Amino acid sequence: MQNCILVTGGAGFIGSNFVLRVAATSDVRIVNLDKLTYAGNLQNLESLRGFLQHTFVPGDICDQELLRALLTEYQPRALVHFAAESHVDRSILGPEEFIHTNVNGTFSLLEEARNHWQKTQSSERESFRFLHVSTDEVYGSLGPSDPAFTEITPYAPNSPYAASKAASDHLVRAYHHTYGLPTLTSNCSNNYGPYQFPEKLIPLTILNALLGNAIPVYGDGKNVRDWLYVEDHCDAIGVILRSGRPGQTYNVGGSSQKANINVHSG
């Protein structure tokens, strides 16, 4: 097993920030698999052009033959799974793509990771990690007086997007408990920061304000969201990779300065 990680969705918003952070702070080889849908942008990774430790691979996480080839060639010690359809409004208009990528794609990754992991030497199996990056949308919504979500909050997805991520969370949990695959799951709050696609709330609001356009109000305008700076989220993912215990779920939420990481056995 090499000093290498396989990242899915590493040209997207959170994934590209994670890849750039790893490249800047370590000597880990990064294999970056991304389908380059509307939200994936190679310009996010422009600073890594010519960087020998970064290999970009265009492809779909549902392509099990491609996944098998990458795992065989690069022998990564970890798989960090960002790739997902992630916009609630798009999931309402067209849920099929969310099921394809978020559910079927995660299943394909789990299957190939399990097959790869089972073939590795026993001494290397213990160090392998499959980190699934999810969302707190799986817990549903909070009322004004409700306590914050925790890792034992019952799942209550309210959109096709949230339901597809909840399904993928359950698959990851099942692969740990059924096959022993050393999985980790993180459920984060809303992210903001560099390279975010402009359909999301904060960049959309800023762009409309700069252009003098109307600023959209969601619902009755009384909703409260927890926002997490994307680089804090990436730091939290690094902590989970290094110190997380297989089978556990980690909620990552925003504070004024740093990510808060809570822990619960899954």
Side-chain angles (χ1 to χ4, degrees), residues 1-12 14-16 18-19 28-40 42 45 54-86 90-91 94-122 124-135 138 160-161 163-186 237 241 246-247 266:
M1 194 173 294
Q2 301 179 24
N3 188 25
C4 169
I5 60 173
L6 173 60
V7 178
T8 71
I14 303 175
S16 63
F18 177 76
V19 167
V28 173
R29 174 79 177 272
I30 306 162
V31 180
N32 185 350
L33 175 65
D34 197 297
K35 190 178 178 180
L36 292 179
T37 60
Y38 75 96
L42 280 178
L45 304 168
H54 176 253
T55 300
F56 180 78
V57 180
D60 191 335
I61 58 172
C62 291
D63 185 345
Q64 289 187 242
E65 185 175 341
L66 173 60
L67 296 174
R68 193 174 308 128
L70 292 175
L71 289 166
T72 300
E73 178 178 357
Y74 293 103
Q75 298 289 312
R77 61 175 175 80
L79 194 161
V80 186
H81 176 32
F82 293 97
E85 295 288 338
S86 63
R90 286 178 181 265
S91 79
E96 183 176 357
E97 192 63 30
F98 287 73
I99 302 303
H100 173 76
T101 298
N102 299 354
V103 181
N104 296 339
T106 300
F107 166 73
S108 296
L109 279 168
L110 286 165
E111 271 291 275
E112 294 307 320
R114 174 174 70 92
N115 291 332
H116 169 72
W117 174 74
Q118 288 177 336
K119 293 175 184 176
T120 60
Q121 297 179 5
S122 58
E124 296 178 336
R125 287 188 189 181
E126 294 183 7
S127 61
F128 182 80
R129 295 291 182 269
F130 183 110
L131 199 164
H132 171 59
V133 181
S134 189
T135 171
V138 299
Y161 160 60
S164 68
K165 291 297 287 186
S168 64
D169 289 6
H170 293 324
L171 282 171
V172 172
R173 174 187 169 90
Y175 268 68
H176 172 71
H177 287 280
T178 302
Y179 304 109
L181 185 69
T183 63
L184 302 158
T185 297
S186 64
I237 290 171
L241 265 182

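It should be emphasised that the depicted structure is a prediction, and the values quoted were computed from it without experimental measurement.
- Between T55 and R29, the closest side-chain pair of non-hydrogen atoms falls below 4.5 Å.
- With respect to E126 and R77, no salt bridge is recorded, no charged nitrogen being found less than 4.0 Å from a carboxylate O.
- When all heavy atoms are compared, the tightest approach of A11 to F56 is CB-CE1, 4.3 Å.
- Between H132 and the options T183, D169, L184, T8, a side-chain contact (heavy atoms from CB on, under 4.5 Å) holds for only D169.
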Going through the checks in order, is the side-chain contact (heavy atoms from CB on, under 4.5 Å) test met by C4 and V31? CA-CA 7 Å; C4 169; V31 180; 3.7 Å; yes
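- Separating the CD atom in Q75 from the CD atom in E124 is a distance of 7.5 Å, to the nearest 0.5 Å.
- Here the side chains of Y175 and W117 are not in contact, with every heavy-atom distance at 4.5 Å or above.
- The heavy-atom pair separating Q64 from E112 by the smallest distance is NE2-OE2, 2.9 Å.
- Residues V7 and G10 share a closest heavy-atom pair of CG1-CA, 4.0 Å.
- Within the model, atoms CD1 of I30 and OH of Y74 stand 12.5 Å from one another, a figure rounded to the nearest 0.5 Å.
- When all heavy atoms of N102 and K165 are compared, the pair lying nearest together is ND2-CD, 4.0 Å.
- Both the sub-6.0 Å distance and the 45° axial angle are not jointly satisfied by R114 relative to the ring of F130.
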Which is it for Y179 and L110 under the side-chain contact (heavy atoms from CB on, under 4.5 Å) test, yes or no, and what are the steps along the way? CA-CA 10 Å; Y179 304 109; L110 286 165; over 6 Å; no
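- Remark: side-chain polar atoms of R125 are paired, donor with acceptor, to backbone N or O of Q118 under 3.5 angstrom.
- Atom CG of L36 is separated from atom CG of L42 by 4.5 Å, given to the nearest 0.5 angstrom.
- Side-chain atoms of T120 and F128, non-hydrogen and from C-beta on, never get closer than 4.5 Å to each other.
- Separation of atoms CG (L67) and OG (S108) is listed at 6.5 Å; rounding is to 0.5 Å.
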List the steps, then state whether salt bridge (charged side-chain N to carboxylate O under 4.0 Å, His left out) holds for K35 with E97. CA-CA 13 Å; K35 190 178 178 180; E97 192 63 30; 3.7 Å; yes
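- Proximity of D34 to F82: side-chain heavy atoms (C-beta onward) are nowhere separated by under 4.5 Å.
- Counting all heavy atoms, side chain and backbone alike, N115 lies closest to K119 at O-CG, 3.2 Å.
- Considering CG of L6 and CG of L79, their distance stands at 4.5 Å, rounded to 0.5 Å.
- Applying side-chain contact (heavy atoms from CB on, under 4.5 Å) to N104 and the options S164, C62, S168 leaves one that passes, C62.
- When each of L131, T106, V133 is tested with H81 by the rule side-chain contact (heavy atoms from CB on, under 4.5 Å), just one qualifies, namely T106.
- V103 is listed as a side-chain neighbour of L171, based on a closest heavy-atom distance under 4.5 Å.
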Show, in sequence, the C-alpha distance, side-chain angles and deciding distance for E85 and Y38, and conclude whether the side-chain contact (heavy atoms from CB on, under 4.5 Å) test is met. CA-CA 10 Å; E85 295 288 338; Y38 75 96; 3.8 Å; yes
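- Between V19 and H54 there is a side-chain heavy-atom pair separated by less than 4.5 Å.
- Here the straight-line distance linking atom CZ of R90 with atom OH of Y161 works out to 13.5 Å at 0.5 Å rounding.
- With D63 contributing its side chain and L66 its backbone, the two residues share a donor-acceptor pair below 3.5 Å.
- A 4.5 Å side-chain heavy-atom check between L70 and V57 finds at least one atom pair inside the cut-off.
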